[in-house]
Amino acid sequence: MKVEMEEIDDSTICDSVSSLVEGCRLPVHMSGTDDWPLAEIVSIKDVRGRRLYYVHYVDFNKRLDEWVGEESLDTRKVHFPRRDGGSNTAAVSGVSTPKKLHIGAGGGGGGGGGGGSISRPSSPVATPTELINGSAVLAAALQKRMNRKRKGPSLESEDSQDAPIQQQPSPGPRQSGSMVAHHDDVVTRMKNVEMIELGRHRIKPWYFAPYPQEMVGLQCIYICEFCLKYRKSRKCLERHLAKCNLRHPPGNEIYRKGNITFFEIDGRKNKSYAQNLCLLAKLFLDHKTLYYDTDPFLFYVMTVFDNRGFHIVGYFSKEKESTEDYNVACILTMPPYQRKGYGKLLIEFSYELSKFEGKTGSPEKPLSDLGLLSYRSYWSQTILEILTSVQPVGDNEKPQITINEMCELTSIKKEDVISTLQNLNLINYYKGQYIITLNKEILENHNSAMQKRIIRIDPKCLHWTPKDWGKRAKW
Ligand code: ACO
Ligand code: ZN
């Protein structure tokens, strides 16, 4: 693999790992792969006489960060951090500068409250190989594309979709689904929870989440899959389960078809559930920090039903009132259910709600890499579905539809419709006007993609009336 090091020029042959410090960059063997991508040392610790290094792979998503031993480090070409006040890391990635955490009231017990989590071990083998390879390659490819696009001219609507990739710190804390965007910090940069058990699943977290200090040192946090309360041990969880009457999320059941059910939870009425959901979600959502005020949000939790109860598959949060037309704040499919079409189902549901509201909507920015992929795929399929169903008015006429009509039919916001048409390369300028051309290849790809979308949202099964939150004095 070619390693690009144009930003720092002070590479040195380093004959001993003992001179390695935080901020050093060097090729590191990525677990589960044969690759040695460039990585930055975020933290160093000694565990029972063994030195471990927490590394971030520079061109990859943070979920691949891991603890590695000396044998994984290629010390032949090390780039040491510059001595001029640590600006090197900022110049390189902008992620190492310690900044204030934006954790709301009640976060005192969180892992952010001190350096404790730095010295906590985390398994070096992070994720199954398939996921590592898939995500790593994908993240790198996406990153390269973004970099290319940023250099060249591009339309604003497209840029706004591309902005999300994590290297771009957002200008200020943005509230989102009871999370706010945060600046990276050496503590929050590192995964602090080794494992969670949720119902029948054991899941390895991807990112930091401010669980209380006494929880993060454990090998596993045991979470009640129905009320989302967390416990220190399986025994404690069993005691909890004996008392916990819930077999589904709290709130109103607003949709059911087959074994799929959606519950609507008011962040003000079910505060404890909403906060625990955000805490759990933070383990898999980067670029957002937990925010404890869940009052302004609704949470739509999707479950699958069996004889043991309604098991959480994923959720999205939504502001009760959004001045920016956001119809989703945060969205998550629990990892055991990912890549099976549930993400698209959540997105479809969010647009169905917008249709009921008679509005267009868009997900809150920034989007994550996987968020962007999923939305792009959903937008493309939805727009192609509309385009292929438009009928010509007269016999010899070509089918006609305006962009506004596409927005009305799908509830997808105009800029997202336009960026999708551009991404699909469908817009052509012909004899003084814009026309959309669908070639055979696009149609074939679309048909085969739609055949894979077996589960769909059926609007007839949605029993919901939107509330006008603006009219209420208080949520
Ligand atoms: N690698 C490559 N492609 C992927 C991956 C992956 N790891 N994950 C999803 N995709 C693609 C799928 O191939 C599919 O596209 P296709 O149908 O054109 O092939 C599309 O993304 C959606 O796949 P689904 O199976 O429907 O989505 P999934 O259930 O995996 O959920 C989601 C997608 C919600 C983004 C999930 O990856 C997730 O929870 N990620 C962590 C949290 C996150 O990043 N959320 C979005 C943040 S942005 C925001 O909150 C507004
Ligand atoms: Zn419970």
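What you see below is based on every heavy atom in this structure, not just the backbone, and it leaves out hydrogens, waters and symmetry mates. Note that ligands are numbered from 1 as they come in the structure, with each ligand's atoms numbered from 1 the same way.
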Using a 4.0 Å cutoff against the non-hydrogen atoms of L367, which atoms of ligand 1 qualify? 48 (S), 51 (C)
Round to 10° and report the angle made at the Zn ion (ligand 2) by SG of C224 and SG of C227. 110°
Look at the rings of Y57 and F60 and say which category their plane angle falls in: under 30° parallel, 30 to 60° tilted, over 60° perpendicular. perpendicular
With heavy atoms of F284 as the reference, note each atom of ligand 1 found under 4.0 Å away. 41 (C), 42 (C)
Please say whether Y337 places an N or O atom under 3.5 Å from an N or O atom belonging to ligand 1. no
For E66 and S31, does a side-chain donor sit closer than 3.5 Å to a side-chain acceptor? yes
What is the ring orientation for F310 with F263, classed by angle as parallel under 30°, tilted 30 to 60°, or perpendicular over 60°? perpendicular
Any atoms of ligand 1 less than 4.0 Å from a non-hydrogen atom of L373? List them with their elements. 2 (C), 3 (N), 4 (C)
Atom indices of ligand 1, in the order listed, that fall short of 4.0 Å to a heavy atom of S368: 43 (C), 44 (O), 45 (N), 46 (C), 47 (C), 48 (S)
NZ/NE/NH1/NH2 to OD/OE distance under 4.0 Å, R308 and E225: yes
Looking at ligand 1, does W206 have a heavy atom less than 4.0 Å from it? yes
Modelled atom types, side-chain donor and acceptor of E197 and Y222, under 3.5 Å: no
Is there side-chain contact between I412 and T360, with heavy atoms separated by less than 4.5 Å? no
Does a donor on one side chain and an acceptor on the other come within less than 3.5 Å for N428 and T437? yes
Within ligand 1, which atoms have a heavy atom of K340 less than 4.0 Å away? 25 (O)
Kindly confirm or rule out an N or O of S377 lying under 3.5 angstrom from an N or O of ligand 1. yes
Atoms of ligand 1 less than 4.0 Å from G343 heavy atoms? 24 (P), 26 (O), 27 (O), 28 (P), 29 (O), 31 (O)
Would you mind running through ligand 1 and noting each atom that sits below 4.0 Å from a heavy atom of G371? 35 (C), 46 (C)
Any luck finding a side-chain donor-acceptor pair between S377 and K344 under 3.5 Å? yes
Looking only at non-hydrogen atoms, which of V328, D286, L285, T333 approaches atom 34 (C) of ligand 1 most closely? T333
Measure the distances from the heavy atoms of A329 to every atom of ligand 1 and state whether one is below 4.0 angstrom. yes
Going by distance only, is there an N or O of G341 that falls short of 3.5 Å from an N or O of ligand 1? yes
Ring centroids only, cut at 6.0 angstrom: are Y207 and F284 within range, meaning strictly under it? no
Of R339, K344, K452, the one whose closest heavy atom lies nearest atom 12 (C) of ligand 1 is R339
For E364, the atoms of ligand 1 under 4.0 Å from one of its heavy atoms are 51 (C)
Thinking salt bridges, do E348 and R453 make one under a 4.0 Å N-O criterion? yes
Looking only at N/O atoms, are Y375 and ligand 1 under 3.5 Å apart anywhere? no
Indicate the ring-plane relationship of Y54 and W67, choosing parallel, tilted or perpendicular according to the 30° and 60° boundaries. perpendicular
